[in-house]
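The structure presented is a predicted model; accordingly, all values stated were derived computationally and were not measured.
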Amino acid sequence: MEYLLTKETSVMEKLGILSDAAKYDVACTSSGVERKGNGKDMGNCLAGGICHSFSADGRCISLLKILLTNECIYDCKYCLNRRSNDVPRATFTPDEVCELTMQFYRRNYIEGLFLSSGILESPNHTMEMIYRTLFLLRKQYRFNGYVHVKAIPGADPRLIQMTGYLADRMSVNLELPTAEGLRHLAPNKHRKNILTPMRQIQNGIKENKNDLVLYQNAPRFVGGGQSTQMIIGATPESDYQILNVAQSLYDKFELKRVFYSAFVKVNEDKELPSLPGGPPLLREHRLYQADWLLRFYGFKAGELLSEERPFFNVMLDPKEDWAVRHLECFPVEINRASYEMILRVPGIGVKSAMRIVKARRTGNLDFAALKKIGVVLKRALYFITCNGRMMYRTKLEEDYIVRNLTADIRERRQIAADGSTYRQLSLFDDASFNAPPTVADGGKVLFGQL
């Protein structure tokens, strides 16, 4: 029997249910929008970042992340809120969402709202409720802060269009990487229905940019762009297939961000894979790192993986893995190499590469200067020269470099072929082995930093 809430159920009880139900949606991101207070409405929107992300100055910023409802007419096998599950159900009214957002904002708990939803009655009915919520929040409650909402596949394009003029960012979840996986685990959902609103939002953003040029006071349509999310590990696609899907989404739909969510088995179903090692978090992390290479480092999916080698090496990050397989491109002379080639060196990020190009205009750089600039020499030293010399006498051989790059990892733990970790028990175990991750570690995982 399904748990039913009475009409007297408090807003805080609903909040407990619907915030918990939203935790598997990872597509929260920085806004990419700069909108200052206008003197009339409450709040503003900073491009620095939103909850579950880190801003440029290192702050973790908060976002009210909830579902409008966890009622759903669909029965996706991987979803906690699927129709056949016996879980507590709740639905916010638009006014309740607005009141919560305003009260939390006034108390400085949050800087914006992330609103997703199950499908209540129909896609049109759900999208209309989302639109009504945003309309009240912007027009009646005068909220000027960041708002990220989901576009519901299958809903009337007019409802999605109207909602887009009230939201800073919209997202349409791809759910699973391939149409075959979707048919297998989510038979009520169709790839075409998901891609249609994605294309509509893309076209709306382009048209709105032209309107903003012609008309200074034209309203903004999804000013922060759109994003999507894929579940990783619920279906048998390889990393190569997933990365190609991501690249296609960036190229064809101009998405701001693709999120990867390690499959968590919340339902018992024969169609779902077993997870002896738990959710594939290391695989998720490697995909985020590779995604970073696609967006900021000039790599293509076909360079990082292939049909013959379709999975990432769990011992190396994707840039290190590419470098050791392309030693013919190295060593790179730091004082002469192009910016694009410097970006491909492990241990050198975008900011460091820009600093190198700028600094070498005034003189030749040595390894001490590179360290001050921010280069991680522990990884870069195998792939670069300064004034024709390497930092130490070293071999430009794949096995030798891999052994050195992975030495610390192998000392700390053993990694099995499936990505799970294990090590031999010892009477002298390091007490810090099970230490919780730091805030900095969380930031690296979320951003896929190399």
Side-chain angles (χ1 to χ4, degrees), residues 11 15 18-19 21-22 25-38 40-53 55 61-69 92-118 126-152 155 158-173 197-198 200-202 204-205 208 212 218-229 255-257 259:
V11 173
L15 179 63
L18 294 173
S19 59
D25 198 325
V26 300
C28 291
T29 185
S30 59
S31 63
V33 175
E34 190 81 31
R35 185 178 60 249
K36 295 183 179 180
N38 56 19
K40 297 179 294 183
D41 304 327
M42 177 171 285
N44 55 36
C45 190
L46 298 177
I50 297 294
C51 179
H52 304 156
S53 187
S55 62
I61 306 178
S62 302
L63 181 72
L64 176 59
K65 180 182 177 185
I66 54 174
L67 298 184
L68 186 64
T69 179
F92 280 127
T93 66
D95 275 305
E96 286 173 339
V97 174
C98 294
E99 287 288 349
L100 279 172
T101 303
M102 298 305 292
Q103 289 183 28
F104 278 38
Y105 189 89
R106 289 189 181 104
R107 289 169 172 79
N108 203 29
Y109 293 163
I110 61 168
E111 294 194 37
L113 170 69
F114 176 91
L115 184 63
S116 186
S117 184
T126 307
M127 196 71 228
E128 186 177 358
M129 287 184 66
I130 291 174
Y131 167 72
R132 196 183 311 151
T133 301
L134 263 64
F135 182 84
L136 287 174
L137 190 61
R138 295 297 198 198
K139 305 301 181 182
Q140 181 174 317
Y141 289 81
R142 315 297 294 178
F143 183 68
N144 196 43
Y146 174 76
V147 176
H148 179 168
V149 298
K150 288 302 174 74
I152 305 299
R158 186 168 175 271
L159 286 170
I160 293 174
Q161 188 79 4
M162 292 190 301
T163 304
Y165 281 108
L166 299 171
D168 294 299
R169 174 161 289 184
M170 294 186 78
S171 53
V172 187
N173 280 358
M198 200 177 284
Q200 179 190 350
I201 294 169
Q202 177 195 18
I205 292 171
N208 185 242
L212 291 170
R220 290 185 68 99
F221 179 83
V222 194
Q226 64 171 321
S227 58
T228 193
Q229 172 181 324
L255 264 63
K256 289 291 185 181
R257 188 79 186 270
F259 288 85

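Residues satisfying the side-chain hydrogen bond (donor to acceptor under 3.5 Å, both in side chains) test with E128, not counting sequence neighbours, are none. E99 is linked by a side-chain hydrogen bond (donor to acceptor under 3.5 Å, both in side chains) to Y141, counting only residues two or more places apart in sequence or in another chain.
The two residues H148 and S171 make their nearest non-hydrogen contact at NE2-OG, 2.9 Å. Nearest heavy-atom pair across P197 and V172 is CG-CG1, 4.1 Å. Pairing each heavy atom of L255 with each of S227, the nearest pair is CD2-C, 4.0 Å. Scanning all heavy atoms of the two residues, the minimum distance from G225 to R169 falls at O-CG, 3.1 Å. A pairwise comparison of heavy atoms in L63 and L113 identifies CD1-N, 3.1 Å as the closest pair. The two atoms that bring L15 and F104 nearest to each other are CD2-CZ, 3.7 Å, heavy atoms only.
Put simply, OG1 on T93 and CZ on R132 are 9.5 Å apart, with the number rounded to the nearest 0.5 Å. If you take OH on Y146 and CD on E111, they are separated by 11.5 Å, rounding to the nearest 0.5 Å. E96 contributes atom CD, which lies 9.5 Å from atom CD1 of I66 (distance to the nearest 0.5 angstrom). Here the straight-line distance linking atom CG of L134 with atom SG of C98 works out to 8.0 Å at 0.5 Å rounding. The OH atom of Y105 sits 11.5 Å away from the CG atom of L137 when rounded to the nearest 0.5 Å. Residue F92 holds its CZ atom at 9.0 Å from CG of L67, rounded to the nearest 0.5 Å.
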* Given F114 and D25, is the side-chain contact (heavy atoms from CB on, under 4.5 Å) satisfied, shown in steps? -> CA-CA 10 Å; F114 176 91; D25 198 325; 3.9 Å; yes
* **Residues T133, V149; criterion side-chain contact (heavy atoms from CB on, under 4.5 Å); working and verdict** => CA-CA 10 Å; T133 301; V149 298; over 6 Å; no
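Using the six-membered ring where Trp is involved, F135 and Y131 have ring planes that are tilted, between 30° and 60° apart.
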Which side-chain N or O atoms in residues 158-166 pair as donor and acceptor under 3.5 Å with protein atoms at least two apart or in another chain?
| unit_1 | atom_1 | unit_2 | atom_2 | d |
| --- | --- | --- | --- | --- |
| Q161 | OE1 | Q200 | NE2 | 3.4 |
| T163 | OG1 | L159 | O | 2.8 |

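D168 pairs in a salt bridge (Lys or Arg N to Asp or Glu O under 4.0 Å) with only one of the listed residues (R138, K256, R220), which is R138.
Checking side-chain atoms of Q226 against main-chain N and O of M198 turns up a donor-acceptor pair under 3.5 Å.
The closest side-chain heavy-atom distance from Y109 to L64 is not below 4.5 Å.
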